Structure formats: C-alpha cells, structure tokens
Amino acid sequence: MSMTGPVRTRYAPSPTGDPHIGNIRSALFSWAFARAQGGQFILRIEDTDRNRLVETSVEAIMESLRWLGIDWDEGPDVGGPHAPYFQSERLPLYQKMAQTLIDEGKAYRCFCTAERLDLMRAAQAAAKKPPGYDGLCRALPHAAAEARAASERFVVRFAMKREGATTLHDLVRGDVVFENALQDDFVMLKSDGYPTYHLGVVVDDTDMEITHAIRGDEWISSAPKHIQLYEALGWDPPQWAHLPLILGPDHKKLSKRSGDTAVLDYRAKGYLPEALCSFLALLGWSLDASTSVVTREELAEKFSLERVVPNPAVFDIERLDFLNGHYIRAMSEDGWVDTIATWADAGLPPHIPRPIDRGILSAAAPLLRERITRLDEIAPSIEFLFGFEAPEYLPELLTEKIGGGHEHATQVLDAALLALDSLGGDGWDVEAIKAAVFGLEPLLGAKPRKFVPVLYVAIMAKPAGIPLFESMAILGRERTLQRLRTARAKAG
RNA sequence: GGCGCGUUCGUCUAGUGGCCCAGGACGCCGCCCUUUCAAGGCGGAGAUCAUCGGUUCGAAUCCGAUACGCGCUACCA
C-alpha cells in the first residue's frame, strides 16, 4: 500500500448508549496517534444496529470527546470530504459492494431462518463441533438464489476462503496467524439492508482513507474476516493496532457490573478531564520509565504505538483519584474559585441564596484545595459556612474524636466561649482567634489536639474539615459564638 | 469445547542478553510538619520477573512445554 498521504485515524463508535471508558481510551489513542503524526482524526458513527440505537448517544459521544479535549477534523457535525459520517446514510455504498461480491461469486445470499440457525448451532454444540455457519446456502445455484430473493428475506454472507491461513500484521502484537479452516461465512449485509460491522468498517475505512485502524483487542478475532474482505474487494487494508482491554476490579472486561463505565459519569462525580485523560493515557501506554502524569499536549506530541503494551490493564480508581487531586492542586487561583462556584451552585441545598456568596467562596477556596479529591466533595465541605447555625449533629459527636464525656465537652466549650467572647468585633481575625484558642491549653491542661476537635463539631458539625480558625473568621463573631452556645446546650 | 491473546511489586508500568539480587508511580506503613482532615517532605515494606525445561560464559529479556487468566465464537458493535 502506498502511504504517501497523511496519517488518518478514526473513532467509530456505535450510538448504543453513553460512551464507555474503554472505548474512549481507543478514541484517545487514535486521536493522539494522529496528532503526534501530524495527521487527521475522524469521527464516524456506526449506527447500523437499529434495535440498539439510542437517540441521545451521538450527542453524548461528542460531548464526551469535547470534555476530554479530543477534537476531530471530520465528523457528523463538522462534515468533511467523506461525508456523510453516519453509516445509516451510506447504505447504497455497502449494498453496492455486497452486490459486486455476489456477482463475483465471493458472497452469496442466505435464506436460512433464525430458527434453522439456532438448531444448527445447538447440534454443533451437542456434537462438540466448532460453531459456525454450515454453508447450506453457499451451495445454492446463482439463479435459484436470485429467484428466491424476489420473495424471501435474505442476508448476504461473505464466502470465506477455507484453505491456508490469514495473517494479521498487528502494530502492537506482531503477526497473528489464523487458520482459515476455522472461519465461517459471516453475515455482511443484514436482511434489513444494513451492513454488519465487518462490511461497514472495511468499506468506510477505505472510503475515508483511514491509514491506521486502532481498536480494542476484542476485535482481533474478527481481523481475518476483514483481511479477507479487503482481498476480495481488491483493496489495501489499513495498518491495524489492537489495544489491550481495560479490566474491571474483577479482572474481567470492564462493564457496568464493575462500576461506572460512562465517561460522563466521571464528569458528574467531579473528575477533571485532565485527570481522566492522563489516567487513560497511561493505561496501556507509557512515555518512559518515570513519567506518571501526562498532559494532553504531551500525549498529542509524543504518543507512539510502539510503546503500547499488549497486556490488559486493571482500572484502578485510586490512581485516578490521585491524579484528580494532583490536577486540582495545579489549577490556577481563578480557575479554582470558578470551579468551586460551579460545584457549590450545583450541590448546595436550594435554601441557600443564589448566586452563592462569592466572598465566602473565595475565602474558602484555598482551604478546600488541599483536601478535595473529587469536585463533588466541595458542596458538603463548605455547606456549614452558609447557615446561622451549624447543620444538625448528635451531641456524642462532640467528643467522639477525643474520648471523654459531656463534662469534657462543656469544659472546653465554656472556656472557648469565654475566650472568644472577649475578642471584640474588630479584633475578630484568624490570628486573634488562633491565639485565643491556643490560650486555652494551660487552662484546660490538654494539648490542642485533645480539645480542638470539640470546636470543629460545634462549628461545622463534623470532627474534621477545613481549618477551624479560618472557618470561624469567615463565619464571623456572632455566628461562631452562637454555634458554641448551641453546642454547649447540646452537651448538657 | 475451539481459536486467539496475555502473564514483572496489591494496581499501572520501566525493562528488548551483562548497567537489574529488577527502576518509577498509585496504594500501604512509619517519621516530620501540624488547629482537625488533608496536602507536602523524608524513609520503609512490597516482585523466587506464572511454572518447568532448554539455548548461552551469562536470561525478566531468546526457544519449547505446562498452568492460569482474559477475549472472541450473533442478521451487536
């Protein structure tokens, strides 16, 4: 194959739901490869299964890609020289190819019913024979098939060569050899006139001048079908690269059973696209011996198929969490405040007035940054800053962390109340509050860590959270003292 | 069952005959810091390189067998 043109890769999902994390990783690698090679990346929708079609999928697919920062040069929305990019709008193309193959005797109409096929497979299973179409209709005379086609439903099967072997030259795995004797005549055109995946990819990858077909490893078994189709059509195949599967915690192909698989679910849970991108990039690929975080830009510049490993990878959510925290801490000051504003608005209870007080958000921003791993933790962490009283909590919580009974809590609260109350309204700042609380140490005869947690609960209804003194400063003197009094009352 | 692929710390990986009694990262443990929780810094444990047998002066790296795992086996992609 003369490969003088630019590298062209594609992502060709079927619109059967929200894009899967494993699928999107294939998209990411395909995109990165194209970009690194200075080539083009194409988005094509393989909507040939009318039964499983989900209307909203196409938008979800594009939204997932956009969110991750994967851009495409040609596709359903932007068009391009090979439009249309929906397979459902390219039916005549596939039908023409099917007809050509029938005319050349390389494919044939099959009239077998689903019932007969079921029976056949059951018999094969019972006889412990390998399953596969038995070729009944392959033996039908051309004229007879032609005649029946006028009144009967039929599919078009490809007549696979059964002698010898077919070799796939895979960019990730090297040569993979398949015995042709084990192949069977697969359906390439369904009875509804739509192509199956096998015909669809071959026709479209050729028409769209795809040079490198990068896809998941689950496709490697059907590679001989594609190779033989290319041969029959007299076309040059693209180069193939089969990516290792992404496994769930159960070490099985990642599926809904093993947790969230939809890319958009990760956005909803507060993962940053940069984090997911870096995470996915390093799942099956590496830049070098020591890089553990990679930016999208680096990927687009340095990705190579040579460094894709052949073995499957387990999806480790803890690593994703780490990367997310990493990227949160790397955000710009303004970007972080904006992010907090967005997530606070979405997550805070409706009774808190909108727009959310920007002053409070800005004050809380630096406190939040070091302790958040997912963005959906933002609202629960700062909710206490917006009411007069602290959220509800059980009195036992006051001393949960430090042991001791109610007397201890009351002692701490009384002392804190006294010390903080003596701070005037104009002396109410972090330093003064800090000094006042630390001043309790000799009085209480205990280290701060043995009494400060009581104050945390009084202020934020939790024994841990964003820094206490800053929180008190944000809340102001009046609300702080009120919360301490409420806690004092609860403690008895 | 058949065919295919895979097998380096719990996880993601580096490694293509000597630099490896195996390096990095996440997680874990400890210490430091410290107003909680984190973050950060420092240190540690953690892999007989699936097993067995070859080739070689020398193997995680090459060859073979075995085991285990996974994928595919539709008028789904």
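In the text below, chain A, chain B and the rest are named by the order of the sequence lines, each starting its count at 1. Keep in mind the model is a prediction, meaning the values are calculated, not measured.
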message: Parallel, tilted or perpendicular, judged at 30° and 60°: which one describes the rings of A/Phe33 and A/Phe303?
response: perpendicular
query: What is the nucleic acid contact for A/Gly325, judged by heavy atoms within less than 4.0 Å: base, sugar-phosphate only, or nothing?
result: nothing
field: Any-strand Watson-Crick or G-U partner of B/U11, both distances under 3.5 Å
entry: B/A25
query: Taking the C1' atom of each, how far is B/U66 from B/U73, in whole Å?
result: 25 Å
message: For A/Asp204, is there an ion pair with A/Arg10 - N to carboxylate O distance below 4.0 angstrom?
response: no
query: Which part of the nucleic acid does A/Arg307 contact within heavy-atom distance under 4.0 Å: base, sugar-phosphate only, or nothing?
result: sugar-phosphate
task: Between B/U51 and B/G10, how far apart are the P atoms? Round to whole Å, please.
output: 13 Å
- prompt: Between the base of B/A25 and the side chain of A/Arg319, is there any donor-acceptor pair under 3.5 Å?
  reply: yes
List every contact pair, protein side and nucleotides 41-51 of chain B side both N or O, where the distance is under 3.5 Å.
none

- prompt: Think A/Arg157 forms a cation-pi with A/Tyr133, using NZ or CZ under 6.0 Å from the six-ring centre and within 45 degrees of its axis?
  reply: yes
task: Go through the N and O atoms of the side chain of A/Arg371 and the base of B/U36, and report whether any donor-acceptor pair is under 3.5 Å.
output: yes
- prompt: Should B/C37 form a Watson-Crick or G-U wobble pair with both distances under 3.5 Å, which nucleotide is its partner?
  reply: none
- prompt: What pairs of residues pass the side chain to side chain donor-acceptor pair (under 3.5 Å) test when at least one of them lies in residues 275-287 of chain A, not counting sequence neighbours?
  reply: A/Ser286-A/Arg307
task: Not counting sequence neighbours, list each pair that qualifies as a side chain to side chain donor-acceptor pair (under 3.5 Å) and has a residue in residues 314-323 of chain A.
output: A/Tyr271-A/Asp321
query: If we ignore angles and hydrogens, is there a donor and acceptor under 3.5 Å between the side chains of A/Asp175 and A/Thr167?
result: no
- line: Heavy-atom contacts, protein to nucleotides 66-77 of chain B, under 4.0 Å, summarised as B (base), S (sugar-phosphate only) or - (none) per nt, yield ----SBSSSBBB
query: Hey, does A/Lys401 reach any base, or is it just sugar-phosphate, or nothing, if we go heavy atoms under 4.0 Å?
result: sugar-phosphate
- line: If pairing means Watson-Crick or G-U wobble with both distances under 3.5 Å, then the partner of B/U56 is none
message: Say we look at B/A38 and B/C19: how far apart would their P atoms be, to the nearest angstrom?
response: 42 Å
- prompt: Using atom P of each nucleotide, how far apart are B/C12 and B/G54 to the nearest Å?
  reply: 32 Å
query: Near RNA chain B, which residues from residues 169-180 of chain A have a heavy atom under 4.0 Å away?
result: A/Arg173, A/Val176, A/Val177, A/Phe178
message: Please evaluate residues A/Arg296 and A/Glu298 with respect to the criterion salt bridge (Lys or Arg N to Asp or Glu O under 4.0 Å), reporting the C-alpha separation (whole Å), side-chain torsions for both, the decisive distance (0.1 Å), and the verdict.
response: CA-CA 5 Å; A/Arg296 185 169 34 229; A/Glu298 255 178 312; over 6 Å; no
field: Residues touching RNA chain B, which here means a heavy atom under 4.0 Å, drawn from residues 287-295 of chain A
entry: A/Ala289, A/Ser290, A/Ser292
- prompt: Within the structure shown, what part of the strands sits under 4.0 Å from A/Leu182 by heavy-atom distance: base, sugar-phosphate, or nothing?
  reply: sugar-phosphate
Separation between the P atoms of B/A25 and B/G64, rounded to whole Å: 36 Å
task: Between B/U11 and B/A50, how far apart are the P atoms? Round to whole Å, please.
output: 13 Å
task: Could you tell me which residues satisfy salt bridge (charged side-chain N to carboxylate O under 4.0 Å, His left out) with A/Asp217, sequence neighbours excluded, listed by chain and number?
output: A/Arg173
field: Identified pairing partner of B/U66, criterion: Watson-Crick or G-U wobble below 3.5 Å
entry: B/A50
- request: For B/U73, give its Watson-Crick or G-U wobble partner with both distances under 3.5 Å, or none.
  value: B/G1
- line: Sorted by chain and number, sequence neighbours left out, ring pair (Phe, Tyr, Trp, His ring centres under 6.0 Å) with A/His408 holds for none
query: side-chain hydrogen bond (donor to acceptor under 3.5 Å, both in side chains) between A/Tyr194 and A/Asp47: does it pass, once the steps are laid out?
result: CA-CA 9 Å; A/Tyr194 281 68; A/Asp47 56 345; over 6 Å; no
- prompt: What heavy-atom pair brings A/Ala473 and A/Ile433 nearest, and what distance separates the two atoms?
  reply: N-CD1, 3.8 Å
- prompt: Is the charged tip of A/Arg109 near the ring of A/Phe154: under 6.0 Å from the six-membered ring centre and within 45° of its axis?
  reply: yes
- line: Residue set satisfying ring pair (Phe, Tyr, Trp, His ring centres under 6.0 Å) with A/Tyr456, at least two apart, ordered chain then number -> none
message: Ring of A/Phe29, cation from A/Arg25 - is the NZ or CZ under 6.0 Å from the centre and inside 45° of the axis?
response: yes
query: Checking A/Asp18 side chain against A/Ala60 main chain: does a donor-acceptor pair fall under 3.5 Å?
result: no
- prompt: For A/Phe158, what residues pass the ring pair (Phe, Tyr, Trp, His ring centres under 6.0 Å) criterion, not counting sequence neighbours?
  reply: A/Phe186
query: How would you list, by chain and number, every residue that makes a ring pair (Phe, Tyr, Trp, His ring centres under 6.0 Å) with A/Trp428, sequence neighbours excluded?
result: none
statement: Ranking B/G15, B/G6, B/C37 by distance to the side chain of A/Pro310, first place goes to B/G6
task: With C1' as the reference atom in both, quote the distance from B/A74 to B/G69 in angstrom, rounded to an integer.
output: 25 Å
A/Glu370/A/Arg329 ion pair, N-O < 4.0 Å: no
Same-atom distance (P) from B/A60 to B/U55, integer angstrom: 16 Å
query: Just checking A/Glu470: base, sugar-phosphate only, or nothing, at a heavy-atom cut-off of under 4.0 Å?
result: base
field: Residues touching RNA chain B, which here means a heavy atom under 4.0 Å, drawn from residues 428-447 of chain A
entry: A/Phe438
